[in-house]
Amino acid sequence: MKKKSRSKEIAEKTIFASFQILKEAGGEMRGSEVVEKLRERLTFDEYENFRYEKTGYIRWESILHFFTIDCMKAGYMRKQSGMWVLTEEGEEAMKLGPERLLSTATKKYREWDALNKQNKESDISQDIDIDDTEEISQKQEALLSQYESSALEGIREFVNRKNPYEFQDLVAVLLKAMGYHIALVAPKGRDGGIDIIAYTDPLGVNSPRIIVQVKHRPENNVSSDEIQKLSGTMKRNSDVGIFVTSGDFSNPAKQEATSAYKHIELIDFSRFVKLWIEYYPRMSDEQKNMLPLHPVYFLGSKE
């Protein structure tokens, strides 16, 4: 019998533990938080904790990211804007145990790859110690996933260091770059539930009036009560509400916004960053410096 590689052994224990962590968290969690909890929950030896010179990444983390590609192609998990989501199929696959869960995911990935084979040889980093039978394109995707995750966390840390009024200013700059006309940015002190008022025209003659509530609470979810309060500030029938947070929204908050009589748009941290990136070219240099970004381009795929 062929001896199992160290990479597979590491992948089995980290993937399965990641699924357990996601399940305990209700099915989703930021990828960076999953990694932190793995550090607390699992014990890693010197080989597993080896840091690659080229990328600066830890071996077990790189292997984890690599094999999450198998799990995504198998439908066991999803990744979106730094969030890892455990699917119903993934939760069911946990019953197989660590070894069979990973082997099943890898088998499903190879079946998928056989139907979508468009890979060409590519000269990419050999940092991850993966079996030769694994696809080079998969390694590239795993490395890119790590880079994207690191970049998003860097942006998150930068924004988290802002005070509430600085984050409010970021939101106002974003809305302006999106083409809205800012009529009010609330000064320090009680704001009556309204942080920003914006219009679609310079004079505010045309509907709708846009009422914006901003909460800079990176570690806390916005509650449904807060969505209701925003709705209460929308006095005109044509008013549209936008709630922006540097954290996330609770599920009841999302349901409240969806079922509200008036239109309330929710922008969590991940969506805020996506919009900032999208409208970044339209900002002045002074505005860009409030949250400066530097694009890095990778070879993509036709997938």
Side-chain angles (χ1 to χ4, degrees), residues 1-25 27-79 82-87 89-114 119 122 124-150 153:
M1 180 181 292
K2 183 180 178 181
K3 183 180 179 181
K4 186 185 301 182
S5 71
R6 287 297 307 275
S7 296
K8 287 290 178 65
E9 292 175 348
I10 295 168
E12 286 172 2
K13 75 175 184 179
T14 55
I15 289 292
F16 192 78
S18 296
F19 279 29
Q20 289 177 320
I21 290 167
L22 289 169
K23 183 178 179 180
E24 292 165 8
E28 66 178 71
M29 180 182 285
R30 288 201 295 266
S32 60
E33 292 181 350
V34 174
V35 171
E36 284 299 319
K37 288 191 175 294
L38 285 173
R39 288 196 185 100
E40 299 170 1
R41 183 169 299 193
L42 301 178
T43 300
F44 298 102
D45 60 25
E46 184 177 354
Y47 175 85
E48 295 166 323
N49 276 319
F50 174 77
R51 186 179 295 276
Y52 295 116
E53 184 177 350
K54 288 183 180 179
T55 63
Y57 290 130
I58 303 298
R59 176 178 271 128
W60 72 262
E61 294 180 28
S62 295
I63 291 172
L64 168 66
H65 281 274
F66 181 92
F67 281 97
T68 58
I69 305 302
D70 286 10
C71 295
M72 287 192 290
K73 299 304 183 185
Y76 293 167
M77 66 179 298
R78 299 194 307 273
K79 291 184 183 180
M83 296 295 294
W84 290 14
V85 180
L86 179 66
T87 65
E89 292 82 359
E91 187 170 340
E92 183 67 22
M94 291 176 66
K95 298 176 182 178
L96 299 173
E99 183 175 356
R100 288 186 60 205
L101 186 154
L102 184 67
S103 63
T104 303
T106 300
K107 179 182 178 182
K108 288 179 178 291
Y109 167 80
R110 287 173 176 165
E111 291 173 352
W112 170 88
D113 190 53
N119 299 324
S122 171
I124 65 171
S125 169
Q126 298 298 314
D127 276 344
I128 303 179
D129 179 25
I130 303 297
D131 293 344
D132 292 338
T133 55
E134 303 294 351
E135 294 295 339
I136 289 177
S137 63
Q138 188 185 11
K139 184 184 298 184
Q140 185 180 38
E141 190 172 355
L143 287 170
L144 180 57
S145 175
Q146 274 192 282
Y147 289 137
E148 290 177 337
S149 178
S150 296
E153 287 308 306

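For the atom pair CD1 (Ile63) and OH (Tyr57), the distance works out to 15.0 Å, reported to the nearest 0.5 Å.
Here Lys108 does not pair with Glu111 in a salt bridge; the nearest charged N to carboxylate O distance is not below 4.0 Å. Residues Arg39 and Glu61 are paired through a salt bridge, judged by an N-O separation under 4.0 Å between the basic side chain and the carboxylate.
Taking Glu24 as the reference, Arg41 meet the salt bridge (Lys or Arg N to Asp or Glu O under 4.0 Å) condition, with sequence neighbours excluded.
Classified by interplanar angle (parallel below 30°, tilted 30° to 60°, perpendicular above 60°), the ring pair Trp60/Phe44 is parallel.
Side chain of Arg78 to main chain of Thr87: no donor-acceptor pair is present (N/O by atom type, distance under 3.5 Å, no hydrogens or angles). The main-chain N or O of Asp45 is found under 3.5 Å from a side-chain atom of Glu48 such that the two form a donor-acceptor pair.
Counting only heavy atoms from C-beta outward, the side chains of Glu91 and Phe19 never approach each other to under 4.5 Å. Two residues are said to be in side-chain contact when any heavy atoms from C-beta on lie closer than 4.5 Å; Lys107 and Arg110 fail this criterion. Using a 4.5 Å cut-off on side-chain heavy atoms (C-beta onward), Tyr76 and Glu89 make contact. A 4.5 Å side-chain heavy-atom check between Ile10 and Phe67 finds every atom pair outside the cut-off. Side-chain contact between Val85 and Leu22: absent, with no pair of heavy atoms (C-beta onward) separated by less than 4.5 Å.
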Check against side-chain contact (heavy atoms from CB on, under 4.5 Å), Glu36 and Met29: CA-CA 11 Å; Glu36 284 299 319; Met29 180 182 285; over 6 Å; no
